[in-house]
Amino acid sequence: MKTDQMPSGRRALLRCAAVLGAATTARLLTADTAATPGRVASGTGAAGPAAGPQTGRAPKSPARAAAYRLRPMTGYGPERGAPARPPVRRAPILRLPGRARSMVLSFDDGPDPRYTTDILRTLRRHDARAMFFVCGEMAAAHPDLLREMVDDGHVIGNHTWSHPLLPRLSRASIRRQMERTCDIVDATVGRPPQWFRAPYGAWNRAAFELGAELGMEPLAWTVDTLDWRTPGTGTIVRRVLGGAGPGVVVLSHDAGGDRSQSVQALRTYLPELVDAGYRLTVPGQHT
């Protein structure tokens, strides 16, 4: 039977099925299949160990259902207004493609008023944007700094609640670490994180799957300053300037130890990057 001879109801069902098939194909094409599940990417751009606060067990997630959480699908498509769900990746993103003369500065483990305040001031002075991967317990203790980040146009990412080594936790514990941090960020600035970074760069399958369920993309880094080892301000500066390039993501820290060298290094390398023509910017949702 030709399509134009079918009853109108069957023609409508065929059109609906075609739309669903195209949407499913598009989603499959966006999935990252570059690496083996549960393994930290290796090579010159690989994510290395990162430092951070090591505190006790995270509090239980609040009973309320946060607005960002995904809702069940109904009918022939996603519920209208439901947030887009990123693909479940097998490796974290190491650099951001298609960003000519743009770089991303990222800071982990904060916020800590001893260092984050100075970092925000320096970024503001040079009209630069950055990403702050916050630990939930630090965010809960210093909510004003989160609001200052958002007011200045920075992006807040999820770095778990208490900076544990995720492969040693159960899936339920990983979810609590991630959800609790999403909740505190959402409650403080009015929207949840869209990016996630595993402590120590230690990713596993559960981290990728749960991050996607919560609407977050996994971001690692291209250049590790190793500032948590306090190698000296000059060494940090040389590492950033030596690794500069389009789409590069730089890892530094604004908490978890003495970060005075990180603060001083930023004051030196940031104006040099700007003078060299780089834009210090942040990614959008699911870049």
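Since this is a predicted model, take the numbers as computed values, not measurements.
Ionic pairing of Asp108 and Arg197 is present here: one or more N-O contacts between side-chain nitrogen and carboxylate oxygen are shorter than 4.0 angstrom. Ion pairing of Asp127 with Arg129 is present here, as a side-chain N (NZ or NE/NH1/NH2) and a carboxylate O approach within less than 4.0 Å.
Sorted by first and then second residue, the ring pair (Phe, Tyr, Trp, His ring centres under 6.0 Å) pairs involving residues 130-154 (not counting sequence neighbours) are Phe107-Phe132, Phe132-His154.
Taking a 6.0 Å sphere around CZ of Arg171, one finds it holds more than 12 heavy atoms contributed by other residues, nucleotides or ligands.
For Ala100, the side chain to side chain contact (heavy atoms under 4.5 Å, CB included) criterion is met by no residue, not counting sequence neighbours. Under the side chain to side chain contact (heavy atoms under 4.5 Å, CB included) criterion, Val248 pairs with Arg95, Met103, Thr222, Val223, Val250, sequence neighbours left out. Scored by the side chain to side chain contact (heavy atoms under 4.5 Å, CB included) test, Asp151 finds no partners at all (sequence neighbours excluded). In this structure Thr117 satisfies the side chain to side chain contact (heavy atoms under 4.5 Å, CB included) test together with Pro113, Arg121, Leu145, sequence neighbours excluded.
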Side-chain donor-acceptor pairs under 3.5 Å in residues 270-279, sequence neighbours left out?
residue: Arg279; atom: NH1; partner: Ser102; partner atom: OG; Å: 3.3

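Without hydrogens or angle criteria, Gln177 side chain to Trp161 main chain gives a donor-acceptor distance under 3.5 Å. Without hydrogens or angle criteria, Asp227 side chain to Ser252 main chain gives no donor-acceptor distance under 3.5 Å.
The nearest pair of heavy atoms linking Val88 to Ala212 is CG2-CB, 3.7 Å. When every heavy atom of Pro143 is checked against every heavy atom of Ala140, the shortest pair comes out as CD-O, 3.6 Å.
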For Glu137 and Arg180: C-alpha separation, side-chain torsions, deciding distance, then whether salt bridge (Lys or Arg N to Asp or Glu O under 4.0 Å) applies. CA-CA 9 Å; Glu137 61 183 5; Arg180 180 58 174 161; over 6 Å; no
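Side-chain contact check for Leu123 versus Asp152: every heavy-atom pair is 4.5 Å or farther apart.
Aromatic ring centres of Phe196 and Trp203: separated by under 6.0 Å.
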